[in-house]
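What follows is one structure encoded as C-alpha cells, with my remarks underneath.
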Amino acid sequence: MDTPSIPNELIEALRTARHVAVLTGAGVSAESGIPTFRDAMTGLWARYSPEELATPEAFRRNPRLVWEWYASRRQMVTTAQPNPGHFALAALEALVPQFTLITQNVDGLHRRAGSADPIELHGNLMRARCSVEGTVYTSWTEGETVPPLCPVCGALLRPDIVWFGETLPPEALARANEAAKSCDLFLSIGTSGVVEPAASLPRIAYNRGASLALINLDVTTSTGPRSYYLKARSGVVLPALVSAAFPKAG
Ligand code: OAD
C-alpha cells in the first residue's frame, strides 16, 4: 500500500500543537506481527473469537482456556519488537509541549519503544492479578495448575486485563478524558473505534475544537473541517508525519 499524501494542514496542526493526545489500538502493533482483534484468529485459536475469550463469563466457564489464550499472546509479545510507528510516537513526545499517549493495547510495546507514561486503558498482558482479592503480580510461576494460584489466598490468577463488560481503571479513564478535552490535536491510530469508552475519545476532542486525524486501514473520507482521514499503515505514515512536522528533529 502506498503512503497517502499527508495534508499540509495536518502537518501544520502537529507542528503548532500545544497538546497532542494520541489514542492507539491493535493496528499500531500489527506491523510488529501481533494480530489485531478483528483479524481472524489462526491455528489453535481459529475456532474462537476474542469476544468469546475476553469476558469474565468465559473465565468462569473455562479459566484454563482463557489463561492459555493470554499465555499465547504473551509469548507472541515477548518475541515481538516495537515497530517504526511506536518509535515515531515515542520521538513525538519530546517534540511537542504536552503529549498524552492513551492505548487500548495490552502488549507494552509503547513503553518498550521509549514512551514514558502511556495510559493503558485495558491493562497489561505482563501482569496477572488474583481473581478474588485483586493482588497484582508481575511475575508468577507457570506450573501444573493452570491458571496458577494466588500465592496469598490460593484463588485463581487471571490476566490483569479489562474484559468486555468490566469497568476501566477509573484513574486511567479520567486522565484519558482530561487529555481529550484539553488537547488541540487528537490522533486516533490503528483502532476500529467500536469499543467504548475509548471509542468516544476522538469525538470528545473534536467537539471541544481539537483537530482530529484518524489513521487506520478502514477509514474512508473526511467528514468535516479540522479532520483528516489517512488510510495507511501506522509504521509508515507516523514516521513520515513526525518528520514532515519536525524536519530538523531527525
Ligand atoms: P481492532 O482489531 O478492532 O482494530 C484494528 C484497527 O487497526 C482496524 O481499524 C484496522 O484497519 C487497523 N489497522 C490494522 N493494521 C494497521 C496498520 N498497520 N496501521 C494502521 N492501522 C491498522 O483493534 P482495537 O480497535 O484496538 O479490548 O480493538 C479495541 C478493543 O477491542 C481492544 O483493546 C480489545 C478488543 O476486543 C479488550 O480486550 C477489552
Side-chain angles (χ1 to χ4, degrees), residues 1-4 6 22-42 45 48-59 66-67 69-74 76-77 80-89 101-110 113 118-129 158-169 172-173 176 186-203 212-221 228-242:
M1 183 187 302
D2 293 334
T3 315
I6 302 173
V22 178
L23 171 68
T24 64
V28 116
S29 296
E31 288 154 89
S32 297
I34 300 174
T36 69
F37 284 91
R38 274 135 198 106
D39 281 340
M41 297 223 275
T42 54
W45 305 105
Y48 303 99
S49 72
E51 288 83 355
E52 287 172 81
L53 296 168
T55 67
E57 294 74 31
F59 188 73
V66 172
W67 182 269
W69 182 58
Y70 281 102
S72 81
R73 290 191 72 88
R74 198 176 300 119
M76 206 183 307
V77 163
Q81 296 301 325
N83 67 57
H86 297 108
F87 287 119
L89 291 174
L101 178 57
I102 307 157
T103 188
Q104 299 167 88
N105 297 345
V106 297
D107 57 31
L109 288 176
H110 284 303
I119 301 173
E120 294 177 323
L121 288 180
H122 290 170
N124 191 304
L125 258 183
M126 299 301 164
R127 294 192 306 256
R129 71 170 195 263
R158 55 163 283 178
D160 190 18
I161 284 186
V162 178
W163 284 329
F164 290 102
E166 295 185 322
T167 48
L168 272 61
L173 183 58
F186 193 99
L187 308 177
S188 172
I189 306 165
T191 174
S192 52
V194 294
V195 175
E196 293 291 356
S200 292
L201 295 169
R203 191 172 28 80
L212 172 65
L214 302 189
I215 299 172
N216 65 46
L217 305 183
D218 309 322
V219 292
T220 48
T221 49
Y228 309 95
Y229 286 15
L230 303 182
K231 187 168 180 163
R233 292 200 168 86
S234 52
V236 175
V237 79
L238 288 176
L241 175 61
V242 172

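Below, each value reflects all heavy atoms present in this structure, side chains not excepted, and no hydrogens, waters or symmetry copies. Just follow the structure's listing: the first ligand is 1, and inside any ligand the first atom is 1.
- Taking every heavy atom of Asp218 and a limit of under 4.0 angstrom, the matching atoms of ligand 1 come to 8 (C), 9 (O), 10 (C), 11 (O).
- Counting the atoms of ligand 1 from 1 in the order shown, those under 4.0 Å from a heavy atom of Gly25 are 26 (O).
- Any N or O atom pair closer than 3.5 Å counts here, and Val195 shares no such pair with ligand 1.
- Checked by distance only, ligand 1 and Phe37 come closer than 3.5 Å through their nitrogen or oxygen atoms.
- Distances shorter than 4.0 angstrom do not occur between any heavy atom of Gly85 and any atom of ligand 1.
- Applying the 4.0 Å criterion to heavy atoms of Ala232 picks out, from ligand 1, the atoms 19 (N), 20 (C).
- Ligand 1 places these atoms under 4.0 Å from at least one heavy atom of Arg233: 17 (C), 18 (N), 19 (N).
- The backbone and the side chain of Ser192 each have at least one atom closer than 4.0 Å to an atom of ligand 1 (non-hydrogen atoms only).
- Of the candidates Asn216, Val162, Leu230, the one placing a heavy atom closest to atom 39 (C) of ligand 1 is Val162.
- In terms of polar-atom proximity, defined here as any N/O pair under 3.5 Å, Leu217 does make such a contact with ligand 1.
- Contact atoms of ligand 1 toward Ala30: 15 (N) (distance under 4.0 Å to a heavy atom of the residue).
- Of all atoms in ligand 1, listed by their number and element, those nearer than 4.0 Å to a heavy atom of Ala26 are 23 (O), 24 (P), 26 (O).
- Distances below 4.0 Å separate heavy atoms of Thr191 from the following atoms of ligand 1: 6 (C), 7 (O), 9 (O), 24 (P), 25 (O).
- At a heavy-atom distance under 4.0 Å, no atom of Pro50 approaches ligand 1.
- At least one side-chain heavy atom of Val28 sits less than 4.5 Å from a side-chain heavy atom of His110.
- Regarding atom 28 (O) of ligand 1, its nearest protein heavy-atom neighbour is Arg38 NH1, 3.2 Å.
- With a 4.5 Å cut-off on side-chain heavy atoms, Trp163 and Phe59 count as touching.
- Using modelled atom types, one finds no donor on one side chain facing an acceptor on the other under 3.5 Å when comparing Thr24 with Gln104.
- The protein atom (non-hydrogen) at minimum distance from atom 36 (O) of ligand 1 is Phe164 CZ, 2.9 Å.
- Neither the backbone nor the side chain of Ile161 comes within 4.0 Å of ligand 1, counting heavy atoms alone.
- Protein heavy atom nearest atom 17 (C) of ligand 1, with residue, atom name and distance: Gly27 O, 3.3 Å.
- Checking side-chain atoms of Arg129 against main-chain N and O of Asp160 turns up no donor-acceptor pair under 3.5 Å.
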Exercise for review: Determine, step by step, whether Ser32 and His86 satisfy the side-chain contact (heavy atoms from CB on, under 4.5 Å) criterion, reporting the C-alpha distance in whole Å, the side-chain angles of both residues, the deciding distance to 0.1 Å, and the verdict.
Suggested key: CA-CA 10 Å; Ser32 297; His86 297 108; 3.6 Å; yes
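- In this structure the side chain of His122 reaches within 4.5 angstrom of the side chain of Val195, judged on heavy atoms.
- For ligand 1, the polar-atom distance check finds no N/O of Glu51 at less than 3.5 Å from any of the ligand's N/O atoms.
- Considering backbone and side-chain N/O atoms, Glu31 comes within less than 3.5 Å of an N/O atom of ligand 1.
- In terms of protein heavy-atom proximity, atom 6 (C) of ligand 1 is nearest to Gly190 O, 3.4 Å.
- Contact of the Leu201 side chain with the Ile102 side chain is registered, since non-hydrogen atoms from C-beta on lie closer than 4.5 Å.
- Trp67 carries Arg74 over the face of its six-membered ring, with the cationic atom under 6.0 Å from the centre and within 45° of the normal.
- Within the 4.5 Å cutoff, no side-chain heavy atoms of Ile161 are placed close to those of Asn124.
- Looking at every heavy atom in both residues, Ile34 comes nearest to Ala80 through CD1-CB, 4.0 Å.
- Without hydrogens or angle criteria, Glu31 side chain to Asn83 main chain gives no donor-acceptor distance under 3.5 Å.
- Polar contact with ligand 1: present for His122 (N/O pair, distance under 3.5 Å).
- When only non-hydrogen protein atoms are considered, atom 29 (C) of ligand 1 lies nearest to Gln104 OE1, 3.3 Å.
- Two residues are said to be in side-chain contact when any heavy atoms from C-beta on lie closer than 4.5 Å; Thr167 and Leu173 fail this criterion.
- In this model, a donor atom of one side chain and an acceptor atom of the other lie less than 3.5 Å apart for Ser200 and Glu196.
- Inclusion of Ser234 in the set of residues having an N or O under 3.5 Å from an N or O of ligand 1 is warranted.
- Under the 4.5 Å side-chain criterion, counting only non-hydrogen atoms from C-beta, Ile189 is in contact with Val22.
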